[in-house]
Protein chains: 2
Amino acid sequence: MATIKDVARVAGVSLGTVSNVLNGKNSVRPGNKRKVYDAMKEVGFHYNMTASALRTKTTKNIGLIIPSITNPYYPELARGVEDAARREGLTVFLCNDDRDTEKERAYIKALLSKGVDGIILLKPRLEHSELLEVKERTSLVLGDASIDIRNEFHVVNADDVQGVICAMNFLGQNGHSQIAMITGMMESYSSQCRLDAYKRYLESRKLCYRPEYVVSGNYSWKSGCRLAKQLMSLPDPPTAIFAANDMMAIGAMKGVQTMGYRIPQDISIIGYDDIEMSNLSNPALTTVHQPKYNMGTECLKMLHACINGKESMDTTKRITLENHLIIRESVGMVR
Amino acid sequence: MATIKDVARVAGVSLGTVSNVLNGKNSVRPGNKRKVYDAMKEVGFHYNMTASALRTKTTKNIGLIIPSITNPYYPELARGVEDAARREGLTVFLCNDDRDTEKERAYIKALLSKGVDGIILLKPRLEHSELLEVKERTSLVLGDASIDIRNEFHVVNADDVQGVICAMNFLGQNGHSQIAMITGMMESYSSQCRLDAYKRYLESRKLCYRPEYVVSGNYSWKSGCRLAKQLMSLPDPPTAIFAANDMMAIGAMKGVQTMGYRIPQDISIIGYDDIEMSNLSNPALTTVHQPKYNMGTECLKMLHACINGKESMDTTKRITLENHLIIRESVGMVR
DNA sequence: TTGTATGCGTTATCAG
DNA sequence: CTGATAACGCATACAA
């Protein structure tokens with residue numbers, strides 16, 4: 001394997017000079033630059049980033065830890081991260097933590113050991129103190145994270161309460177007052193936010209909160225299917241169901257349809273996320289669009305700023321992205 | 001940042017000893033081992049894999065290059081790779097090449113420079129000679145790749161012709177003889193395989209091949225929707241449509257439904273891949289299941305074997321995984 | 001079993 | 001502008 005040493009020898013210049021042309025330093029005589037390039041070709045030189053990393057203490061690698069790549073929400077976000085990363089010359093380690101704290105910890109440890117320049121951690125499960133330790137050792141950006149009161153972390157979130165209000169308002173405009181909710185897993189911060197926003201909406205409209213209208217799923221279509229059936233079996237079933245993600249919403253559609261209900265004539269269904277498949281359900285799903293790709297790019301931009309030390313006092317430490325409603329066919333006027 | 005040097009000093013042993021306990025060499029006196037561990041805690045030691053990588057020339061990192069993470073086919077495969085990789089202590093760089101040869105080349109170059117121990121390349125677009133160069137520099141496993149006559153590469157494929165035959169047979173059993181096909185992009189090797197298999201099936205059944213029944217999509221649901229409509233507008237429309245992936249199949253369902261056709265009474269539709277969403281279409285999609293996750297784990301196993309030099313003459317260089325049919329609701333007896 | 005010295009391929013420092 | 005030389009943190013021969 002040819003090294004810059006070989007290049008230097010063949011080019012008849014010194015190590016330092018080769019290194020300089022490699023790093024685009026302009027303090028190299030054009031003639032020498034030429035010679036170096038020729039020599040690189042001649043000896044078949046390949047730059048070794050590992051050596052560079054050891055010396056400079058920067059690897060140009062970052063870690064992205066997501067709950068699950070199988071959940072269609074995350075690939076798009078991951079894509080946003082990757083595209084933005086490539087623009088900055090960064091390569092990303094993609095890691096699934098399966099919503100498992102141990103796995104999350106293990107991946108962080110591995111990434112740290114590999115000397116990543118930074119980590120983007122989505123839906124962090126580690127507790128405050130551990131997160132602080134990570135932040136001590138590398139640049140850290142949190143996504144979909146609960147608020148840290150003390151403003152200690154860099155975080156980018158989507159505006160859950162605004163998104164829920166969007167959906168609930170639209171249901172309200174369509175005359176719905178009996179609105180059920182299929183929440184996500186309640187350990188999750190954003191699930192709590194969404195449920196809170198749901199309750200607050202009800203309050204603001206002087207609608208009564210019915211505990212039996214709130215059920216908790218696990219983001220899978222199967223749970224949506226099962227819970228929707230359960231909801232529709234209530235003595236006084238809802239006229240609309242709001243699911244905390246599209247997978248569950250689509251499952252819910254399937255569930256109520258097998259019971260013989262028509263959507264949206266008999267029951268309205270609204271989702272959250274706007275995954276591609278929500279176009280394809282029958283009827284097409286009305287849902288809250290989350291700016292997934294943008295969340296990814298924003299995460300990376302923020303991380304990049306941290307890495308480059310532009311994260312001074314005045315730098316934005318917190319970004320909250322807005323959602324918006326996508327009106328399709330699954331919501332109708334109340335009967 | 002504490003190094004093994006610090007640990008050695010604090011533990012009162014030598015550098016080499018610390019290195020030995022780190023690498024699990026059993027030739028360390030228990031007492032010393034203990035002292036080393038204590039010292040590591042005391043000085044807050046963190047292992048630096050970059051340094052190790054420079055020295056040993058192995059990074060424990062690998063690259064996985066896929067066409068698109070947004071296509072629901074790949075996340076599951078990627079997941080298989082990741083899970084198997086973790087078991088081997090490998091971390092994976094995930095890269096999307098967007099079916100763009102330039103991007104593919106760029107990613108490979110970057111990965112090589114980062115010293116990955118191996119690369120899994122899915123649906124390779126680079127030509128033979130370039131691939132050979134890559135193989136010179138690192139371990140390489142190809143997935144979803146066209147056959148290399150000379151048996152020069154390690155490759156894992158799904159059995160396209162067997163999968164197509166599965167689908168066509170099932171259609172045949174249901175009395176269909178007018179079967180249209182929505183293919184993938186014809187630059188792709190597996191698209192060609194599938195089309196070939198389709199033609200051969202027709203031939204074997206003495207059915208005539210009608211060019212107007214074969215249309216070419218781009219894997220998106222929109223193309224499936226458009227092309228299905230086109231197919232149904234033919235003077236003599238087909239009784240069944242076979243789409244080369246589920247996204248197009250589901251799009252096709254949507255398309256024919258908007259034209260007023262009922263599935264499967266008026267038209268049967270069959271897909272390929274068995275992505276999760278195919279459970280959720282209405283009616284549920286009958287499709288060919290591809291062992292996506294297994295393809296991922298098999299790719300990694302093979303790569304791992306290559307890395308460890310077990311890739312001698314007798315080692316399997318080629319694996320072909322079987323598909324199987326998932327019968328749901330979108331195919332019916334011909335009217 | 002343990003210690004010492006050397007090198008992995010770069011970058012950085014500092015004379016020249 | 002260029003060249004020599006010393007790190008970076010670890011692994012490995014080899015000597016003890």
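Letters go in sequence order (proteins before strands), and every chain restarts at 1.
A residue-by-residue look at B/Gly16 and A/Asn20 shows that B/Gly16 has its nearest nucleotide of DNA chain C further toward the 5' end. Both B/Leu54 and B/Lys25 sit near DNA chain D, but only B/Leu54 has its closest nucleotide nearer the 5' end.
OP1 or OP2 of C/dG3 sits under 4.0 Å from a side-chain N or O of B/Thr17. OP1 or OP2 of C/dG3 has at least one side-chain nitrogen or oxygen of B/Ser14 nearer than 4.0 Å. Look at A/Asn23 and you'll find a side-chain N or O under 4.0 angstrom from OP1 or OP2 of C/dT11. Taking side-chain N and O atoms only, A/Ser52 has no distance below 4.0 Å to OP1 or OP2 of C/dT10. Using a 4.0 Å cut-off, some side-chain N or O of A/Asn32 falls inside it from OP1 or OP2 of D/dT2. Between D/dC10 and B/Thr56, no contact under 4.0 Å exists linking OP1 or OP2 to a side-chain N or O.
Between B/Arg79 and B/Glu76 there is no salt bridge, since none of the side-chain N atoms of the basic residue sits less than 4.0 Å from a carboxylate O of the acidic one. With respect to B/Asp83 and B/Arg86, a salt bridge is recorded, a charged nitrogen being found less than 4.0 Å from a carboxylate O. With respect to A/Asp6 and A/Arg9, a salt bridge is recorded, a charged nitrogen being found less than 4.0 Å from a carboxylate O.
The nearest whole Å value for the distance from the CG atom in B/Leu15 to the C1' atom in C/dT1 is 16 Å. For the pair A/Lys5 NZ and C/dT11 P, the computed distance is 15 Å after rounding to whole Å. At whole-Å resolution of the value, CG in B/Asp6 and P in D/dC10 are 9 Å apart. Taking atom CZ on A/Arg29 and atom C1' on D/dG3, their separation rounds to 12 Å, with Å as the unit. D/dT2 atom P lies 20 Å from atom CZ of A/Arg9, rounded to whole Å. Here the C1' atom of nucleotide C/dT11 and the CE atom of A/Met49 are 13 Å apart, to the nearest Å. Rounded to whole Å, the distance from CZ on A/Phe45 to P on C/dG9 is 10 Å. Here the P atom of nucleotide D/dC8 and the OH atom of B/Tyr47 are 18 Å apart, to the nearest Å.
Here A/Lys57 lies in heavy-atom contact (under 4.0 Å) with sugar-phosphate atoms only. Within 4.0 Å of B/Val18, counting heavy atoms only, lies no atom of the nucleic acid at all. Among the atoms of the strands shown, base atoms are found under 4.0 Å from some heavy atom of B/Arg55.
Listed candidates were C/dT1, C/dT10, C/dG3. Nearest to the side chain of B/Ser27 is C/dT1. Distances were taken from every side-chain heavy atom of B/Ser19 (C-beta onward) to each of C/dG3, C/dT11, D/dA11; the shortest belongs to D/dA11.
Between A/Ile65 and A/Tyr107, the shortest heavy-atom distance links the atoms CD1-CB, 4.1 Å. Of all heavy-atom pairs spanning A/Met40 and A/Val7, the tightest one is CG-CG1, 3.7 Å.
With A/Leu303 as the partner, the side chain to side chain contact (heavy atoms under 4.5 Å, CB included) test is satisfied by one option alone out of A/Ile62, A/Leu90, A/Ile119, A/Leu64: A/Ile62.
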